Amino acid sequence: MFSQESIFGRFPYFLPCLCISILAVAALISCIWLPETLHKHNEATDSNNSIEAMEESLSDSNAEESSGGYWSLFTNWPLMSAITVYCLFSLQDVAYAEVFSLWAVSDRKYGGLSFTSTDVGSVLALSGLFLLIYQILIYPSVAKAIEPITLVRATAILTLPLLASYPFMTTLSGFNLQLVVNCASSLKNSFQVTTITVCNILMNDAVSQDLRASANGLSVTLMSIFKAVAPAVAGVIFSWAQRRQTASFLPGDHLVFFMLNAATVIGLMCTFGPHFARGSTKH
């Protein structure tokens, strides 16, 4: 669409990055009109009528006491258990995002789908649209009907056969392939959003109101480390899989999705820790 001499022609990735930056600026400006949720009061204010008192009374009864300050978070085992699950599923999700595009554009002789960049973009766009509908219309009802940790376990179990089916999609073509890939991508993203949302709820319920910011800061820091490692690990495994096209056990991309399922199983096993048995209230 642009001349090769223009800035967009010389730097083809500048336009999408610029669009993302514009969205970020718009989000920053919109923060001006967001209401403050941290309520601060004078000492003379009746604490029984404060927002904090009401929020604290509504918070989960399993929340750990805040004595000990920030360092007490590391011995808050319900919190650390939730953070562990959060990090593991975040690693799996980023690794999947890294692998999916590489796998989709790979040639069929290497176990891929021979998709173009446009095809991959269409799948991601439709998945994002479905995710929006899911979060608004479907997830609230599901969350009310199923206990939080049970919901994480259910989505993890459903993820296993879903990921295992990806290598077999190469036998499809045309409309059937597009339909199956879009459905699988939408389901995978929905499962992941469900897991991450529940993990955030479990982490907030594990601490008292005054430590929630610190707990979320700790969880995001650890999660970011896992997300930083995931693309490198996924890339190495994907490259290794390309050299195993004729292997007798887990040939080609079967190895990639097997490793993603292995990460899912580890995360699933962590949800059966003793600290999750206490927090079974529905959110």
Side-chain angles (χ1 to χ4, degrees), residues 27 31 34-43 45 47-48 50-95 135 139 143 146-156 159 191-233 263-283:
C31 289
L34 288 178
E36 178 56 69
T37 58
L38 180 62
H39 302 279
K40 296 183 179 180
H41 307 278
N42 296 326
E43 293 182 1
T45 303
S47 60
N48 291 328
S50 68
I51 298 296
E52 289 91 339
M54 289 188 291
E55 289 181 342
E56 198 66 33
S57 66
L58 293 173
S59 64
D60 191 83
S61 58
N62 293 325
E64 298 287 330
E65 296 296 328
S66 61
S67 58
Y70 176 79
W71 296 107
S72 66
L73 296 176
F74 293 95
T75 56
N76 183 333
W77 300 119
L79 172 65
M80 297 309 296
S81 298
I83 289 178
T84 300
V85 174
Y86 182 47
C87 290
L88 287 171
F89 280 105
S90 295
L91 182 147
Q92 183 252 46
D93 182 53
V94 173
Q135 288 179 284
Y139 174 76
I146 305 176
E147 296 176 351
I149 197 61
T150 303
L151 188 54
V152 174
R153 292 166 182 164
T155 55
T159 298
F191 293 159
Q192 183 64 23
V193 165
T194 300
T195 300
I196 296 302
T197 303
V198 172
C199 284
N200 276 285
I201 292 172
L202 292 173
M203 288 185 290
N204 281 328
D205 286 347
V207 295
S208 55
Q209 178 71 18
D210 59 319
L211 285 177
R212 282 182 180 171
S214 298
N216 277 280
L218 175 62
S219 66
V220 171
T221 299
L222 295 175
M223 177 267 292
S224 298
I225 295 174
F226 277 71
K227 281 191 171 184
V229 172
V233 174
T264 304
V265 169
I266 295 173
L268 175 62
M269 292 173 60
C270 289
T271 65
F272 288 94
H275 302 292
F276 287 116
R278 294 165 40 185
S280 61
T281 55
K282 296 176 183 177
H283 48 286

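Predicted model, so just to flag it, every value in this text is computed and none were measured. Numbering starts at 1 and runs along the sequence shown.
- Interatomic distance, CZ of Phe89 versus CD1 of Ile266, reported as 10.0 Å (0.5 Å rounding).
- What you find for Ala230 and Ala95 is that their closest heavy atoms are CB-N, 3.9 Å.
- For the atom pair Ile83 CD1 and Leu88 CG, the distance stands at 12.0 Å (nearest 0.5 Å).
- Shortest non-hydrogen contact noted between Tyr86 and Met203 is CD2-CE, 3.6 Å.
- The side-chain heavy atoms of Met80 and Leu218, taken from C-beta on, include a pair separated by under 4.5 Å.
- If you take CD1 on Ile149 and CD1 on Ile201, they are separated by 11.5 Å, rounding to the nearest 0.5 Å.
- Distance check: Arg212 CZ to Ser219 OG gives 13.0 Å after rounding to the nearest 0.5 Å.
- At a threshold of 4.5 Å between non-hydrogen side-chain atoms, the residues Tyr139 and Val198 count as touching.
- Under the side chain to side chain contact (heavy atoms under 4.5 Å, CB included) criterion, Val229 pairs with Val233, not counting sequence neighbours.
- Nearest heavy atom pair, residue Leu211 against residue Ser72, reads CD1-OG, 4.1 Å.
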Step by step, would you call Leu222 with Thr84 a side-chain contact (heavy atoms from CB on, under 4.5 Å)?
CA-CA 9 Å; Leu222 295 175; Thr84 300; over 6 Å; no
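- In this structure, the side chain to side chain contact (heavy atoms under 4.5 Å, CB included) partners of Ala215, at least two apart in sequence or on a different chain, are Leu73, Leu79, Val207.
- Taken to the nearest 0.5 Å, the OG1 atom of Thr264 stands 11.0 Å off from the CZ atom of Phe191.
- When all heavy atoms of Met223 and Cys87 are compared, the closest pair comes out as N-SG, 3.6 Å.
- In this structure, the separation between CG on Leu151 and OG1 on Thr271 is 11.5 Å, given to the nearest 0.5 Å.
- Contact detail for Val152 and Thr155: the closest heavy-atom pair is O-OG1, 2.9 Å.
- The two residues Ala206 and Asn76 make their nearest non-hydrogen contact at O-ND2, 2.9 Å.
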